[in-house]
Q: 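Below are the C-alpha cells for one structure; questions will follow.
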Amino acid sequence: MRTSQVFIPTLREDPGEAEIVSHRLMLRAGLIRKVASGLYTYLPLGLRVIRKIERIIREEMENGGAQELLMPILSPAELWQESGRWGVYGKELLRCRDRHEREFCLGPTHEEIITDLFRREVRSYRQLPLNCFQIQTKFRDEIRPRFGLMRGREFIMKDAYSFDLDEEGAKRNYQKMYDAYERIFTRCGLQFRAVQADNGMIGGNMSHEFMVLADTGEETILYDEHGTFATNVELAEVQTSEQESTVPYQPQYRVQTPGTKTVEEVCNYLGVAPNQLVKTLLYQTEANNVIAVLIRGDHEANEIKIRRMLGVAELTLADPETVQTVSSAPVGFAGPVGLTNVPILADHAIRGMRNFIVGGNDQDIHLRDVNWGRDFQIETFADIRKAQAGGPSPSGDAPLLSAKGIEVGHVFLLGTKYSQAMGATYLDPQGKDRLAIMGCYGIGIGRTAAACIEQHHDHRGITWPVPIAPFHIHLISVSASDNALKTTQDLYTSLVQSDIEVLWDDRDERAGVKFNDADLIGAPLQIVIGDKGLTKGTIDVKVRKTGERSQLPPQDILPFVSKWLAEHSSLLRPQ
RNA sequence: CGGGGCGUAGCGCAGCCCGGUAGCGCGCCUGCUUUGGGAGCAGGAUGUCGGAGGUUCAAAUCCUCUCGCCCCGACCA
C-alpha cells in the first residue's frame with residue numbers, strides 16, 4: 001500500500017498522556033487514538049497488527065481443537081443472576097437497561113452465555129468434548145484504566161470455553177490450550193513464561209498465567225533458576241521450617257507510642273527492627289465475620305492465601321468502625337492480647353518469635369515482650385504471607401528470583417462451577433445426568449500487541465517481529481528522478497505480486513522524514529531507493545532491528561527479502 | 001473512592017502568582033531555493049483559553065460550581 005492511501009497519523013513528539021513505551025509508540029506510530037479514558041480507536045496500522053495476532057490465535061486454537069463462534073456483547077442479567085455473579089462482580093460490571101427496562105450488562109467475560117448455550121443444545125456424552133472460542137470486544141469498567149491498550153476498559157479478547165465428560169478430558173483440553181498458548185506467544189515473537197496462578201475457590205493447581213517478561217509489567221512473578229518453578233507472587237508458597245524459639249520469656253509491658261500507626265513508625269519510634277513486630281490485621285469476610293491475622297512486621301499478608309484458607313470469597317480489611325469495636329482502639333493499634341472475641345490466624349513465621357511487639361488495643365499503646373501461648377492463643381498457624389525473592393524455592397533449595405510480567409493469557413480449569421450453578425448437564429452412556437467439566441482460556445489481544453512493543457523497540461521506534469508487523473517492508477524512495485521512480489514502482493509491483501506486504505512511502509517528503517517515520521512504524525525491513533545507489537546499480541536494504549544494511553542490485557532484492565522474511569517468519573524457539 | 005496535577009491553535013508548551021484586547025516551537029497554507037536521517041528564506045491562516053456562574057470598568061489570570069484527562073494510592077493498622 002502507499003502511504004498516501006493509508007491513514008497513518010504519526011506524531012513527531014511524545015504525547016503528554018503516555019507513560020510507558022508501548023503506549024507512547026502506539027500513539028506516535030499512528031496505531032491507536034484515545035476516545036475516552038480506557039477507550040481507543042484502532043487506526044489502520046494498529047488494526048493490521050491486531051488482525052495478525054488474531055490470525056495466529058485462530059490458527060492455533062483450531063489446531064488445538066477449538067472452534068470459533070461469536071456471542072453477543074450484551075448479556076441478560078438473568079444469566080448472571082443464575083450463576084451468582086450479578087451480585088459479586090461489583091462495579092467492574094457495567095450494567096444497563098433496555099427500552100423495556102430489562103437489565104443487561106456489557107460482557108466482561110462469557111461463561112454464563114456459553115454455559116447457557118451448552119445446556120440448551122448439548123444432550124449426550126456423544127457431543128463431547130466441546131471447545132468453543134470467540135474473538136470479541138469485552139468491557140470491564142476498570143477502576144483505573146492506564147497504559148493505553150495495556151489496561152483499557154474496552155478491549156479485544158480471545159476467550160475459549162471447553163466442556164468435557166470428566167476431569168481427565170478437561171485436563172486434556174487444558175493441556176491442549178496450554179500448548180496452543182505457547183505456540184501463539186512464541187509465534188508473536190514474545191519472551192514469556194507460563195506461571196502457576198490463583199484458582200480462586202475452585203482448588204487444584206490447574207491455572208496458569210502467560211506472562212510476557214517486561215519491566216513495565218503490573219504483575220510480579222517468582223521463579224527459580226532451574227526453571228522448574230514459576231508462579232505469580234500472589235500464589236507462591238512459602239517454604240518454612242520455623243521452630244519454636246527457646247529464648248527465655250521476658251515480662252510483658254505497655255509502652256506509649258503516640259501517633260504511630262504503621263510498622264515503620266512504630267519501629268522508628270521504639271528503635272527496633274520490623275521483624276521484631278507482629279502486625280495484627282483485622283479482616284472482614286462476606287458474612288461480616290471478623291478475623292485477626294498476625295503477620296511479622298517485615299512480611300506482607302497474602303489475601304489470596306487467607307481467603308483460600310478460610311474458604312471465603314470475599315475478604316477485606318475491616319473498616320475503621322469495626323476495628324474500633326473489635327479492638328477498642330483506632331486503626332493502627334490492634335493487637336492479639338485480650339482479643340478474645342475473634343479467631344486469630346497467624347503466619348508460620350510467628351511460631352519462631354519470642355518477646356515481640358504488638359498493638360495494645362488502646363490508642364497510642366503498644367505491648368512489648370509479648371509471647372504467643374503465654375499472653376494469647378493462636379487458633380491456627382498457616383502459610384498466609386507473600387513469598388519474597390531470595391527465599392527458598394518450593395521445588396528445591398535454589399533461591400527465588402523475581403521478575404515483572406504482563407499477563408497476556410490465562411488458562412483455567414473451571415470444574416463444575418458454572419455447569420453446577422446453571423445446570424449444564426449431559427447424559428452419560430448409562431443415561432445418567434452428569435455435570436460437564438469446564439475450562440476457560442483467555443488472551444488479551446491488544447495487550448499482546450502492547451507487550452510485544454515493550455519487548456521490541458529502540459529509541460527510534462518499534463522493531464516488530466515479522467509475524468505481527470503491520471507491513472513486512474517499508475519502501476522508501478528518496479529521489480524524485482524518473483529512474484528512481486520507475487525502479488521503485490517496478491519493485492513495488494514485484495513485491496506485491498509475491499504476496500509481500502509493502503508500505504510504499506510515496507509522499508513528497510524529505511528523506512529524513514521518511515526514514516524517521518519508517519523507523520517509528522517499525523516494519524522489519526526497509527528498502528531505500530535513491531539516485532545515489534542507482535548510479536552504482538544498487539538498492540539499499542536495511543534490517544530495522546539490527547540496523548544492518550546491504551547494497552544489492554535491483555534484481556537481487558526480491559530473492560533477498562523473500563528469503564529473509566521466510567527465515568524470520570518461522571516459529572521462534574520458546575525460551 | 002482518597003490525594004496530587006493538568007485542560008490555552010492540529011501537536012508539545014509558555015502566559016495565571018501580580019487582571020489591562022493571547023504567545024512560542026513544531027505542524028499547516030503560498031512562493032522561491034533545497035532534497036540519502038525530521039531543510040532554508042519570505043509571506044500567511046488558525047483559538048468558545050474545557051464548560052457554567054460570579055467579582056470587576058476590565059477575567060486565560062481572582063472566586064464558586066461543573067466536566068474531562070493524567071499520575072499516585074485504595075485501607076497491609
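Just so we're on the same page: letters track the sequence lines, and every chain starts at 1. Note that the structure is a prediction, hence the values are computed from the model and not measured.
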Q: When all nucleic acid strands are considered with a 4.0 Å heavy-atom cut-off, which category describes A:Lys91: base, sugar-phosphate, or nothing?
A: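 No contact.
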Q: A:Asp508 has an atom CG; how far is it from atom P of B:U35, in whole Å?
A: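 Atom-to-atom, A:Asp508 to B:U35, this comes out as 14 Å.
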Q: Over all strands shown, is A:Gly16 touching base, sugar-phosphate only, or nothing at heavy-atom distances under 4.0 angstrom?
A: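 Touches sugar-phosphate only.
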Q: Does A:Asp519 get its side chain close enough to the base of B:G37, under 3.5 Å, for a donor-acceptor pair?
A: yes
Q: Base, sugar-phosphate, or nothing for A:Ser327, non-hydrogen atoms under 4.0 angstrom?
A: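 Nothing, no heavy atom under 4.0 Å.
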Q: Describe the nucleic acid contact of A:Leu282 in one word from base, sugar-phosphate, nothing, applying a heavy-atom distance below 4.0 Å.
A: base
Q: Would you indicate what A:Ala36 reaches in the nucleic acid, counting non-hydrogen atoms under 4.0 angstrom: base, sugar-phosphate, or nothing?
A: sugar-phosphate
Q: With distance as the sole criterion, is a donor-acceptor pair present between the side chains of A:Asn361 and A:Ser328 under 3.5 Å?
A: no
Q: Across all strands, who's sitting opposite B:A74 as a Watson-Crick or G-U wobble pair, both distances under 3.5 Å?
A: none
Q: Per the side-chain contact (heavy atoms from CB on, under 4.5 Å) rule, which among A:Val278, A:Val263, A:Asn302, A:Leu281 passes with A:Ile295?
A: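 Passing option: A:Leu281.
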Q: At under 4.0 Å between heavy atoms, what does A:Ala334 touch on the DNA or RNA strands: base, sugar-phosphate, or nothing?
A: nothing
Q: Touch check for A:Arg385, heavy atoms < 4.0 angstrom, all strands: base, sugar-phosphate only, or nothing?
A: nothing
Q: Students often get this wrong, so: under 4.0 angstrom with heavy atoms, is A:Lys514 touching a base, only sugar-phosphate, or nothing?
A: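 It contacts nothing in the nucleic acid.
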Q: Please give the distance between the P atoms of B:U64 and B:C18 as a whole number of Å.
A: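 Their P atoms lie roughly 15 Å apart.
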Q: Does B:C24 have a Watson-Crick or wobble mate here (both distances under 3.5 Å), and if so which one?
A: B:G12
Q: Counting only Watson-Crick pairs (N1-N3 plus N6-O4 or O6-N4) and G-U wobbles (N1-O2, O6-N3), all under 3.5 Å, who is the partner of B:G7?
A: B:C67
Q: Give one of base, sugar-phosphate or nothing for A:Val323, where a contact means two heavy atoms less than 4.0 Å apart.
A: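 Counting heavy atoms under 4.0 Å across all strands, the contact made by A:Val323 includes a base.
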Q: Please measure how far the P atom in B:G10 lies from the corresponding atom in B:C29, and state the result in whole Å.
A: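 Each nucleotide's P atom is 15 Å from the other's.
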Q: Name the nucleic acid region contacted by A:Ile143, choosing base, sugar-phosphate or nothing; use a 4.0 angstrom heavy-atom cut-off, strictly under.
A: base
Q: Whole angstroms only, please: what is the CD-P distance between A:Glu218 and B:A74?
A: 13 Å
Q: Between A:Asp458 and A:Arg544, is there a side-chain N and carboxylate O pair less than 4.0 Å apart?
A: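 Salt bridge: yes.
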Q: Can you tell me which nucleotide in B:G73, B:G38, B:G12 comes closest to the side chain of A:Arg144?
A: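 Nearest listed nucleotide: B:G73.
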Q: Rounded to whole Å, please give me the gap between NE2 in A:His23 and C1' in B:C71.
A: 13 Å
Q: Salt bridge check: are A:Glu17 and A:Lys34 linked by an N-O gap of less than 4.0 Å?
A: yes
Q: Hey, does A:Arg549 reach any base, or is it just sugar-phosphate, or nothing, if we go heavy atoms under 4.0 Å?
A: base
Q: Scan every strand shown for a Watson-Crick or G-U wobble partner of B:A42, both distances under 3.5 Å, and answer none if you come up empty.
A: B:U30
Q: May I ask which nucleotide in the shown strands pairs with B:A59, Watson-Crick or G-U wobble, both distances under 3.5 Å?
A: none
Q: Give the rounded distance in Å between these two atoms: CZ of A:Arg510 and P of B:G27.
A: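 Answer to the nearest Å: 11 Å.
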